Amino acid sequence: MQFSDKIYVAGHRGLVGSALMRRLEKGGYSNIVTRTHAELDLKDQRAVTEFFAQEKPDHVFLAAAKVGGIVANNTYPADFIYQNLMIQSNVIHAAYSNEVKKLLFLGSSCIYPKFAPQPMKEEHLLTGVLEPTNEPYAVAKIAGIKMCGAYNRQYDTNFMSVMPTNLYGLGDNYDLQNSHVMPALIRKMHEAKIRGDAQVSVWGSGTPRREFLYGDDMADACVFLMENRNANDTGEFVNIGVGEDITIRELAERVAKVVGFHGELVFDSSKPDGTPQKLLDVTHLNKLGWRAKTAMDEGIGKAYQDFMRRYGA
Ligand SMILES: NC(=O)C1=CN([C@@H]2O[C@H](COP(=O)(O)OP(=O)(O)OC[C@H]3O[C@@H](n4cnc5c(N)ncnc54)[C@H](OP(=O)(O)O)[C@@H]3O)[C@@H](O)[C@H]2O)C=CC1
Ligand SMILES: C[C@H]1O[C@H](OP(=O)(O)OP(=O)(O)OC[C@H]2O[C@@H](n3cnc4c(=O)[nH]c(N)nc43)[C@H](O)[C@@H]2O)[C@@H](O)[C@@H](O)C1=O
């Protein structure tokens, strides 16, 4: 990726997209093209075709998607499969048609079987049934991986796929119904602290385990791969994670400590646990030359500061 190359960041206002913008600007890249969702709906094939023909980017980070937590996925399965299939299919095909030099597609760790061996290796894909709460989203992401691989095979494109673990950080979604666990707990505990509430509700049993990667580390991994590796190096896809996980109960206790909430955690068994564990094996990623840097307590602190800045809390 040369400084003169034109770079398109799809989803540039999102958690990963905004982190990519920060990382690219820090890296000296200034030839960056973006479009907001309102300016360019990536579900619209004609609009995407016209955009690529007009802008002709050299590199594409595909960080636009319909994204949400376990309840959002469980509530809007049609939205998650339809919107993600349309977005990724339009962008990947337009990248091929306009001879994009390199594209990076972001999948998700939910693509793995519900009961995959832990930690999950790339070879475990499609070896078992998926987690029902997010199966439509996972099927869309698997289709994206397979589409990049198929285009690389048939058209000799250079389209890489990465599978991020659970992400959190600056610019996260704090909607209490549709967000992921980390931003939800940050907001719930902050608001409980301010109100003086004695309890905070934590969804599920607290026993599932999750791995968390800070968003700016995710962006750094994406830029590292785009600068230094190609689809031939990564293979069909590569896990992006930190290589360790904690229980939701432990996470809630750590968020409470960072936020300064000293009340009781009440576990709401009416909400789904989802996959019991989805720890990524990051051996392949480490061999490619990258590893995560931001420790969890530092990351939670930065995310909490961002939440308070953005919501005037
Ligand atoms: N967050 C996480 O824990 C994880 C995320 N990922 C993946 O990482 C990538 C980035 O996720 P993340 O940054 O968290 O998601 P966000 O929801 O923060 O950002 C997604 C971005 O995509 C945009 N977008 C959505 N639909 C469209 C559309 N039809 N046309 C144009 N733009 C659209 C959104 O714009 P707007 O908000 O205006 O609609 C938003 O800016 C996604 O592929 C996601 O699947 C993978 C694993 C974990
Ligand atoms: C990234 C990943 O994200 C999703 O999978 P998930 O990791 O299961 O999602 P989650 O972060 O929403 O939940 C993790 C765990 O946390 C528990 N939990 C407790 N309290 C709250 C809470 O208040 N909100 C939420 N959302 N979860 C809570 C919750 O019950 C569950 O056990 C999919 O979108 C999937 O497609 C995907 O890609």
Side-chain angles (χ1 to χ4, degrees), residues 11-27 61 63 65 67-70 106-110 119 162-176 178-193 200 202-203 206 208-225 238-261 265 274 277-282 285-286 290-311 313:
H12 74 289
R13 287 182 165 178
L15 185 157
V16 176
S18 57
L20 280 168
M21 296 300 286
R22 288 191 293 274
R23 176 63 184 78
L24 288 167
E25 281 153 19
K26 191 172 76 174
F61 291 91
V67 181
I70 189 166
L106 276 77
S108 170
S109 61
C110 72
V162 293
M163 293 307 118
T165 189
N166 289 49
L167 303 172
Y168 73 100
L170 312 187
D172 209 338
N173 167 12
Y174 285 92
D175 177 276
L176 291 181
N178 296 325
S179 66
H180 290 100
V181 60
M182 181 76 86
L185 291 180
I186 287 172
R187 177 175 170 186
K188 288 198 276 194
M189 289 187 187
H190 173 81
E191 292 177 346
K193 180 181 81 171
V200 157
V202 180
W203 293 356
R209 301 187 67 88
R210 290 293 184 273
E211 176 185 16
F212 296 95
L213 176 66
Y214 188 58
D216 284 70
D217 282 6
M218 179 65 205
D220 188 59
C222 292
V223 172
F224 170 83
L225 290 172
V238 57
N239 291 337
I240 310 277
V242 297
E244 59 188 36
D245 61 5
I246 59 174
T247 67
I248 295 304
R249 175 186 289 275
E250 288 163 345
L251 174 69
E253 289 163 353
R254 289 175 77 158
V255 173
K257 188 174 173 195
V258 168
V259 169
F261 171 72
L265 303 177
Q277 183 179 20
K278 47 181 178 177
L279 175 62
L280 293 179
D281 181 303
V282 290
L285 175 65
N286 295 161
W290 190 88
R291 59 182 64 242
K293 303 169 187 66
T294 305
M296 181 175 277
D297 288 346
E298 177 191 353
I300 297 173
K302 287 179 176 176
Y304 182 38
Q305 293 304 317
D306 180 59
F307 167 77
M308 290 194 284
R309 264 197 309 274
R310 287 168 64 208
Y311 295 90

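Bear in mind that the values here come from a model prediction, so they are computed numbers and not experimental data. Heavy-atom basis, side chains included; hydrogens, waters and symmetry copies ignored.
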J.: Is there a donor-acceptor pair closer than 3.5 Å between any side-chain N or O of Asp281 and the backbone N or O of Pro119?
T.: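 Such a contact is absent between Asp281 side chain and Pro119 backbone.
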J.: So how far is it from Arg209 CZ to Ile248 CD1, rounded to the nearest 0.5 Å?
T.: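 Reported to 0.5 Å precision, the distance equals 10.0 Å.
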J.: What distance separates Tyr168 OH from Ile186 CD1, expressed to the nearest 0.5 Å?
T.: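 These two atoms lie 8.0 Å from each other.
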J.: Nearest 0.5 Å, please: how far is CG in Leu170 from CG in Asp172?
T.: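 Nearest 0.5 Å value for the CG-CG distance: 9.0 Å.
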J.: Does the pair Asp220/Lys293 count as a salt bridge with the N-to-O cut at 4.0 Å?
T.: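 Yes.
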J.: Determine whether a donor-acceptor pair (N or O, by modelled atom type, separation under 3.5 Å) exists between the side chain of Thr294 and the backbone of Tyr214.
T.: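 No; judged by distance alone, with no hydrogens or angles, the pair does not exist.
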J.: Enter the distance from Leu15:CG to Asp216:CG here, rounded to the nearest 0.5 Å.
T.: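 Those atoms lie 8.5 Å apart.
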J.: Tell me the closest heavy-atom pair linking Asp306 and Gly169, and the distance in Å.
T.: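 Minimum heavy-atom contact is OD2-O, 4.2 Å.
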J.: Please report the shortest heavy-atom distance between Leu20 and Ala63, naming the atom on each side.
T.: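 Reported closest heavy-atom pair: CD1-CB, 4.2 Å.
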J.: So which atom in Thr247 and which in Gly206 form the shortest heavy-atom distance, rounded to 0.1 Å?
T.: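 Minimum heavy-atom separation between Thr247 and Gly206: CB-O, 3.5 Å.
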J.: So, taking the atom named CZ in Arg210 and the one named NZ in Lys278, what distance separates them when rounded to the nearest 0.5 Å?
T.: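 Answer for the CZ-NZ pair, Arg210 versus Lys278, is 4.5 Å.
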J.: For residues Val255 and Lys188, determine if any side-chain heavy atom of one lies less than 4.5 Å from a side-chain heavy atom of the other.
T.: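 Sidechains of Lys188 and Val255: no contact.
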J.: For Ala292 versus Val242, what's the shortest heavy-atom pair and its separation?
T.: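 Taking Ala292 first and Val242 second, the nearest heavy atoms are CB-CG1, 3.5 Å.
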J.: Using 4.0 Å as the upper bound for N to carboxylate O, is an ion pair formed by Glu250 and Arg254?
T.: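 No, this pair does not count.
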J.: Name the one of Tyr304, Tyr311, Tyr174 that satisfies ring pair (Phe, Tyr, Trp, His ring centres under 6.0 Å) with His190?
T.: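 That would be Tyr304.
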J.: Should Leu251 and Met296 count as side-chain neighbours, where that means a heavy-atom distance under 4.5 Å?
T.: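 Leu251 vs Met296: side chains touch.
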J.: To the closest 0.5 Å, what do you measure between CZ (Phe61) and CE (Met21)?
T.: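 Reported to 0.5 Å precision, the distance equals 10.5 Å.
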J.: Could you walk me through whether Asp245 and Gln277 pass the side chain to side chain contact (heavy atoms under 4.5 Å, CB included) test, one step at a time?
T.: CA-CA 8 Å; Asp245 61 5; Gln277 183 179 20; 2.7 Å; yes
J.: For a side chain to side chain contact (heavy atoms under 4.5 Å, CB included) check, start with the C-alpha distance between Ile240 and Met218, then their side-chain angles and the critical distance, and finish with the verdict.
T.: CA-CA 7 Å; Ile240 310 277; Met218 179 65 205; 3.5 Å; yes
J.: Val258 and Asp297: which non-hydrogen atoms are nearest, and at how many Å?
T.: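 Scanning both residues completely, I find the closest heavy atoms to be CG2-O, 4.4 Å.
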J.: Counting only heavy atoms not in Glu298 (residues, nucleotides, ligands), do more than 12 fall under 6.0 Å from its CD?
T.: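 Counting other residues, nucleotides and ligands, CD of Glu298 exceeds 12 neighbours.
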J.: Would Met182 and Ile300 satisfy side chain to side chain contact (heavy atoms under 4.5 Å, CB included), going step by step from the backbone distance to the final call?
T.: CA-CA 8 Å; Met182 181 76 86; Ile300 297 173; 3.9 Å; yes
J.: Evaluate side chain to side chain contact (heavy atoms under 4.5 Å, CB included) for Ser109 paired with Asn166, printing each intermediate quantity in order.
T.: CA-CA 7 Å; Ser109 61; Asn166 289 49; 4.1 Å; yes
J.: Compare every heavy atom of Met163 with every heavy atom of Leu280, then report the nearest pair and how far apart it is.
T.: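 So the two residues come closest at CD1-O, 3.5 Å.
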J.: With side chains defined as the heavy atoms from C-beta onward, is the minimum distance between Asp217 and Trp290 less than 4.5 Å?
T.: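 Answer yes - side chains close enough.
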